Amino acid sequence: METFIIPPKKKAAPSVDIAPLMDMVFILLIFFVVTSTFTQETGVDVEKPQAQSAQSLKSENILIAITREGTLHLNERQIDPAGLKDVLERMLRANPERDVILMADRRSQTGVLVKVMDICNLAGAKKVSVAALAE
């Protein structure tokens, strides 16, 4: 009589199914994107002066930064004073209720600030504010 030896079955290598993990990652990503708030910035660092009467304003404002060198920045790009009026007129035509907030560096020249305020008023801005830090 012949003896047959049955070879042992090969065990499958242990594996981790990452499909549920990927589903959870996408769900978390969607959650963070939906619940996050995006703030509009000017794209330059401005050291704001302090004021006791500083208040928070709504986030759908037009932000214009004035650096200590006197350059103007709108929507993260530098703009010259001559082109600022045209851009502001176009933005205010789309939404006339938007406020304009000037973020002037505390070491910037007052003359540049006054010139920009004048341009904002000529462009049709109903409210022009100067940003400051609350004390």
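None of the values given here were measured: they were computed from a predicted structure.
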Mind checking the [atom1]-[atom2] spacing from [X] to [Y]? Nearest 0.5 Å is all I need.
X	Y	atom1	atom2	result
Ile101	Asn61	CD1	CG	3.5 Å
Glu69	Gln109	CD	CD	10.5 Å
Ile18	Met24	CD1	CE	14.5 Å
Thr67	His73	OG1	NE2	5.0 Å

Exercise for review: Please identify each residue that fulfils side chain to side chain contact (heavy atoms under 4.5 Å, CB included) with Leu113, with sequence neighbours left out.
Suggested key: Ile66, Leu102, Ala104, Met117, Val130
Give me the atom names and distance for the closest heavy-atom approach of [X] to [Y].
X	Y	value
Leu72	Asp80	CD1-C, 4.5 Å
Met103	Ala131	CG-CB, 3.7 Å
Asp86	Ala82	OD2-O, 4.2 Å

Review point. If you count the non-hydrogen atoms of other residues, nucleotides and ligands that lie under 6.0 Å from CG in Leu21, is the total more than 12?
Key: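 It does: Leu21 CG has more than 12 such atoms within range.
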Review point. Any chance CD of Glu89 has more than 12 other-residue heavy atoms, nucleotides or ligands included, within less than 6.0 Å?
Key: yes
Review point. Linking Ile, Leu, Val, Met, Phe, Trp and Tyr by side-chain heavy atoms under 4.5 Å, what else ends up with Ile30?
Key: Val34
Check your understanding: Under the criterion side-chain contact (heavy atoms from CB on, under 4.5 Å), which of Leu92, Val100, Asp99, Ile62 is the partner of Cys120?
Key ->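 Of the listed options, the one satisfying the test is Val100.
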Check your understanding: Sub-3.5 Å donor-acceptor pair from the side chain of Thr35 to the main-chain atoms of Phe31, do we have one?
Key -> yes
